[in-house]
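Some notes on the structure that comes next.
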Amino acid sequence: MSRDFDALAPLERYSAASERAADQVIRAYSTSFGAATRLLGPRHRRHVRNIYALVRVADELVDGVAAEAHLPSIEQLARLNALETETNNAMRTGYSSNPIVHAFACTARTSGIDAGLTGPFFASMRTDLEPVSITGRATEPARTSAPETLVASGTGVVSATGHRFDDDAHASYVYGSAEVVGLMCLRVFLREETVNDQQRQQLEHGARSLGAAFQNVNFLRDLADDTERLDRSYLSTDDVITDDCKADWVATIRGQLDAARDVLPLLPRDARIAVDTARRLFSKLTDRIDQRTVTQLMGQRVRVPLPVKLALIARAIGSRGSA
């Protein structure tokens with residue numbers, strides 16, 4: 001450890017070490033995400049990494065890592081519930097013996113993230129562990145056609161049979177698994193900013209839209225793995241989506257990406273380029289998905305080559321995140 005690291009008080013040193021652990025988790029799973037976070041202002045980087053590290057740990061638990069370790073379904077569910085309890089306790093006390101949870105709690109307490117966001121996230125993760133049917137509830141802001149009228153009310157009901165999701169189940173799952181993550185990042189970006197109620201509502205709409213777009217793109221990229229290994233169909237009640245269904249989802253995603261683009265100017269300057277880079281990357285992925293049939297998507301996961309990624313980053317930097 002460096003001399004500066006050694007000079008920290010015990011809790012500060014543990015927190016710094018925990019944040020390093022969170023960074024390593026992110027680096028191990030996504031080079032693109034790591035590149036995008038480096039485009040954030042220094043005051044935001046570690047906080048966004050801390051959020052995504054916890055999200056990754058929970059996601060891996062429900063997506064087969066625990067099963068590969070031969071944990072039965074009931075034990076996987078118990079581990080996920082224990083992770084949620086540990087997260088809640090850490091947000092309350094400011095400490096966890098789990099470094100990834102501790103790093104997240106440091107960010108949550110700094111940025112105003114609470115169980116109103118983590119609760120729906122863990123509820124969606126539990127959905128993935130239910131073997132036959134799911135009925136869960138997650139409080140979420142009601143959707144309206146006008147972003148400025150969003151209010152924190154209403155209850156989303158998650159229901160699915162055999163991991164086949166209808167429209168309502170899909171919407172509730174995506175809210176918990178992705179949109180709230182966008183809202184967590186937004187709280188990081190706005191923690192030292194002053195915005196009025198209308199601006200906050202517009203930004204929240206954009207954050208939710210971008211999170212939903214990310215998730216829906218990944219559903220299309222992961223069709224083969226979700227269908228064949230995990231026996232899940234997030235985009236349809238059918239076992240495999242049709243080309244017409246895929247086209248409808250591509251149109252939905254483009255609308256979500258447009259909604260996110262529209263609020264970029266409202267973000268703090270030191271968050272715009274990173275968010276716009278991510279938006280541009282997923283827009284390019286959407287274009288590539290649009291050019292492929294469902295059979296082709298099942299055969300090969302869509303990716304963006306490195307030279308194209310670098311060009312997207314350059315464009316985002318050149319536009320200063322102004323879309």
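A quick note: this is a predicted structure, and the numbers were derived from the prediction, not measured. For the numbers below, each heavy atom of this structure counts, side chains included, while hydrogens, waters and symmetry mates do not.
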Taking C-beta and beyond as the side chain, do Leu281 and Lys309 meet within less than 4.5 Å on heavy atoms? yes
Can you tell whether the side chains of Asp276 and Arg261 come within less than 4.0 Å, N to carboxylate O? no
Classify the ring geometry of Tyr14 against Tyr95: parallel below 30°, tilted from 30° to 60°, perpendicular beyond 60°. tilted
Minimum heavy-atom separation for Ile313 to Thr277, with atom names? CG1-CG2, 3.6 Å
Indicate yes or no: does Asp63 engage Arg232 in a salt bridge with an N to O separation below 4.0 Å. yes
Do Asp239 and Arg164 have side chains that approach each other closer than 4.5 Å (heavy atoms only, starting at C-beta)? yes
Could you state the interatomic distance from CG (Asn89) to CG (Asn98), rounded to the nearest 0.5 Å? 12.0 Å
Looking only at heavy atoms, which two atoms of Ser177 and Met125 are closest? And how far apart? CB-CE, 3.8 Å
Is a side-chain donor-acceptor pair under 3.5 Å present for Asp262 with His205? no
Contact between Arg46 and Thr107 at the side-chain level, heavy atoms closer than 4.5 Å - yes or no? no
Does the pair Glu204/Arg208 count as a salt bridge with the N-to-O cut at 4.0 Å? no
For Asp128 and Tyr173, which I'm curious about, is there any donor-acceptor pair between the side chains at under 3.5 Å? yes
Any chance you could measure Cys185, atom SG, to Ile51, atom CD1, to the nearest 0.5 Å? 4.5 Å
Mind checking whether Ile289 and Trp249 have side chains closer than 4.5 Å, heavy atoms only? no
Can you tell me how far CD of Glu228 sits from CG of Asp226, rounded to the nearest 0.5 angstrom? 10.0 Å
Working to the nearest 0.5 angstrom, can you tell me the gap between Met298 CE and Asp225 CG? 10.0 Å
Can you tell me which residue among Asp244, Leu220, Asp243, Thr242 is in a side-chain contact (heavy atoms from CB on, under 4.5 Å) with Val294? Asp243
For Ala178 and Ala212 the tightest heavy-atom approach is CB-N, 4.4 Å
Can you measure from CZ (Phe282) to CG (Asn218) and round to the nearest 0.5 angstrom? 4.5 Å
In Å and rounded to the nearest 0.5 Å, what is the CG to CG distance from Leu77 to Leu129? 6.0 Å
Carboxylate-amine/guanidinium proximity below 4.0 Å for Glu60 and Arg79: no
Beyond-backbone contact of Thr118 with Glu84, side-chain heavy atoms, under 4.5 angstrom: no
Would you say Asn196 has more than 12 foreign heavy atoms packed within less than 6.0 Å of its CG? yes
